[in-house]
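Chain naming here is simple, since letters A, B, ... match the order of the sequence lines and numbering starts at 1 in each.
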Amino acid sequence: MPELPEVEVTRQSFAQRIRGARVTGVRLGKPLRWPLGCEAQHIVGQPVGEVVRRGKYLWVALGNGGLLMHLGMSGSLAFSETPPPPGAHDHFDLVTTLGTLRLTDPRRFGAVVWSEALDRPPAATLLAALGLEPFDERFDGAWLHRQLRGRRVSIKQALLSGRIVVGAGNIYACEALFEAGIHPARAAGRISLPRCVRLADAVRGTLARALQLGGSTLRDFRDAHGMEGRFQQHAQVYGREGQPCLRCGAAVRRSVQGQRATYYCAHCQT
DNA sequence: AAGTGGACCTGCTAGC
DNA sequence: TGCTAGCAGGTCCACT
């Protein structure tokens with residue numbers, strides 16, 4: 001589910017409210033992707049510091065380390081002073097003096113992992129291969145062009161890998177490629193510098209727009225206040241198979257790349 | 001080394 | 001109505 005905009009919207013919706021709290025308890029539900037990696041005792045009593053995002057991960061700083069969280073495909077976080085009793089899909093509660101941060105994740109591809117620091121394992125290991133943040137000033141067309149040189153994978157898969165630039169998942173990769181007029185199956189290493197410039201702009205622009213709109217809610221995404229996103233109403237190609245391209249009127253096509261659906265306009269994207 | 005395909009897990013929907 | 005196949009916003013890992 002959550003790509004960079006959804007994760008960032010989630011972060012913004014609870015970071016200030018939980019800051020300065022003290023952890024009073026931890027509740028675990030069914031196993032997530034990886035074990036927490038420490039005893040609850042290790043966390044209880046710790047002060048909560050800032051919440052930062054790296055790619056699609058969130059880092060909740062605690063006095064003696066922190067929690068690296070990922071929402072997987074179906075995860076969401078809610079922060080509430082008086083949370084309802086945990087449901088079948090509520091697999092992690094961080095109970096604090098200011099409220100409870102709860103991870104709800106039906107598919108359990110999400111994760112909460114304790115680490116002594118962001119730049120120490122296991123957190124550092126999980127983040128090691130991540131590419132640049134899209135809003136990093138170093139991320140531009142020239143840099144993108146250099147990174148893609150010689151790569152034979154499709155540009156869609158190169159974006160999705162997160163090893164060049166983080167944050168664009170399946171929805172926003174499709175949207176950014178449409179915006180840039182680049183065919184998703186084009187070999188990454190065969191995109192000219194001018195088109196890389198357009199693509200870098202499109203990736204940043206698409207993610208920024210989604211952020212402004214509160215992310216995308218296709219089925220179940222909510223921020224930590226329970227608010228839905230509105231980007232999906234503005235999607236140009238994602239989920240629009242067979243409908244007219246908003247630019248040229250040709251039918252939007254759907255294909256499969258790396259076992260993921262890709263939506264594009266074969267006329268506008270070359 | 002880069003690229004590919006499978007795996008993880010559950011819920012929902014379309015189609016028979 | 002009920003079953004089944006197919007699909008879903010992510011990413012790690014083993015294999016070629």
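Between A/Phe231 and A/His234, the ring-plane angle classifies as tilted under the 30° and 60° cut-offs.
Here A/Gln259 reaches the OP1 or OP2 of B/dG6: one of its side-chain N or O atoms lies under 4.0 Å away. For A/His70, no side-chain nitrogen or oxygen approaches OP1 or OP2 of C/dC12 to under 4.0 Å. For A/Arg107 and B/dC8, the shortest distance from a side-chain N or O to OP1 or OP2 is not below 4.0 Å. Between A/Arg260 and C/dG10 there is a side-chain N or O to OP1 or OP2 distance below 4.0 Å. Neither OP1 nor OP2 of B/dG11 sits under 4.0 Å from any side-chain N or O of A/Arg108. Within the structure, every side-chain polar atom (N or O) of A/Lys30 is placed at least 4.0 Å from both OP1 and OP2 of B/dC9.
When the P atom of C/dG10 is taken as reference, atom CG of A/Leu218 falls 10 Å away, rounded to whole Å.
Here the nucleotide nearest the side chain of A/Arg152, chosen from C/dC7, B/dG3, C/dG10, is B/dG3.
The shortest distance between side-chain heavy atoms of A/Gln243 and A/Tyr263 does not fall below 4.5 Å.
With respect to the salt-bridge test (charged N to carboxylate O, under 4.0 angstrom), the residues A/Glu133 and A/Arg54 qualify. A salt bridge is defined here as a Lys NZ or Arg NE, NH1 or NH2 lying under 4.0 Å from an Asp or Glu carboxylate O, and A/Glu228 with A/Arg222 meets this definition.
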